[in-house]
Amino acid sequence: MKIECIRTHHIRCELKEAFGFSQWFYNQRNVLLIEVIADDGTSGWGECYGPADVTQAAVEKFYAPRIMGMDAQSIEAIWQSMWRSSLDFARAGIMMGAMSGIDMALWDLKGKALNLSVSQLMGGAARNTVPCYATGMYYQDLPEDRLLDVLVSEAVSYSEQGFKAMKIKVGKNLNFDEKLIIAMRKALPNTILAADSNHAFDLPEAIKIGRILEDNDYAWFEEPLSPEHPDLFRQLQDKINIAIATGECEQTRFGFKKLIEQGGVQLVQADLAYCGGISEALKIRAIASASGINMIPHVWGTQLNLAAATHFLATSYSEPGRSESKPLFLEYDRTENPLRDNLYKVNVEVKQGEAIVPTTPGLGVELDNDALSEFIICTTESK
Ligand code: MG
C-alpha cells in the first residue's frame, strides 16, 4: 500500500462576531487539511495548526514529493524520513506543523486500511467517553462591566449544558482579570475552572494572578509566562500553589523533554496538529509520564484534531495512578467555528459534557464534500 497522492486544502470562513484574548482578536478561521491517498484508494485525513497558507507550501513543496511512493502504513518510517530530510532547518515551527498534519492523516488512513479505530491503533481505549472542558469566555468589544456579565453568563450556559469543567481567558488587564476570576467562581461554585493567559504576564504579575486563582480554587494556570523564558516557570511555581500548564506552542519529544526538565510545569498541552502529530504526541506522553505529569492535548481547529485528541485521551492513564484517578479533560473549544461545526457529516459526539470515543475505523469523523467545497480557498495536489 503506497502513498499515491497528497492533497492539501486551505479552508477559511469569516466569523459573525470577532472574539479576542490577551494577544489579538480573531475575525476569521483558517485551517489546512491534509488528504493522503494510497494506491488502493484508501484515504486518510489530518489537519495542521498554524498559518494555513504557509503550512500548505511546506506540505506541497517540501514533504509531499519526499514521501510519495512510501508504504502508507509505515508511519514511523515516514515520520523519520520527513524529520531527517528537514532536520537542519525545521526542527520546530511551521515545518513541524506540516509534518503533524501528514502524520495525523496517516493514522486515519492506517485505521481505515486495517478496520481499526485510532484508539485501537494506539493500544486500545481505556474508556468509552472522555470528559470535556469547555474553552470559551473570549473577549468581545464591550465595556468591561458589560463584558464581565456576558462572560459569566456564557460560563453558566456551559454548566447548564452539562460541562463540569471550563477554562476562561485572563491577561486583559490585572484589574479585570481579578474581577473575572472571582465572579466566575461565585457563579459556578462547583465547577472545575481553569484560566489561560496566553503568555500575557511577567513574573510579578503571574505571581499576583496565580495567587488569586489559587484562592478561588482554580485547577490550573495556563501559559502564565512567555514561552521564551521557561526558566521562570520554576520561579513562579515556588510562589504559588496551583498547577502550571503549558505546551501548545512547544513541539517534539525533544522540546518537551527540555521544558519538563526546566521544572515548574505540572501539565503539558501538546497540540496533535502541531507538536509532530499523533506519533510524536505518544512519545511526549511517555516523557511526561516518566516525569510524573500528565499530557492533555491543546485542541483548536476542526473535528479531525478533536477526534485525534479524543482517541489520545481515551488511551491515557492519569498520573499518579490511583483507584479514583484524576480525570484528564478534553479541550472542547466553544468559540464560533463553522469549520468545526458545519464541515463534517460525522462529528465527535459530545453529550452532557462528555465526548463519545469514536469506534469506526480511523479517526472516526467524516467530511462533507459539499461543505468542504464551500470553504476552500486553495487546493493543491501532488502525485
Ligand atoms: Mg491555551
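Order of appearance sets the numbers: ligands from 1, and atoms from 1 within every ligand. Computed from heavy atoms alone, side chains included, the values below leave out hydrogens, waters and symmetry copies.
Taking a cutoff of 4.0 Å between a charged side-chain nitrogen and a carboxylate oxygen, Glu349 and Lys351 qualify as a salt bridge. Lys2 and Asp39 are not joined by a salt bridge, as no carboxylate oxygen comes within less than 4.0 angstrom of a charged side-chain nitrogen.
No close placement of the Phe163 and Phe329 rings is indicated, their centers lying 6.0 Å or farther apart.
Within Glu248, the N/O/S atom positioned nearest the Mg ion (ligand 1) carries the name OE1. Within Asp196, the N/O/S atom positioned nearest the Mg ion (ligand 1) carries the name OD2.
Met96 approaches Arg91 most closely through the heavy-atom pair CE-O, 3.9 Å.
Within the coordination shell of the Mg ion (ligand 1), defined by N, O or S atoms under 2.8 Å, Glu222 is present.
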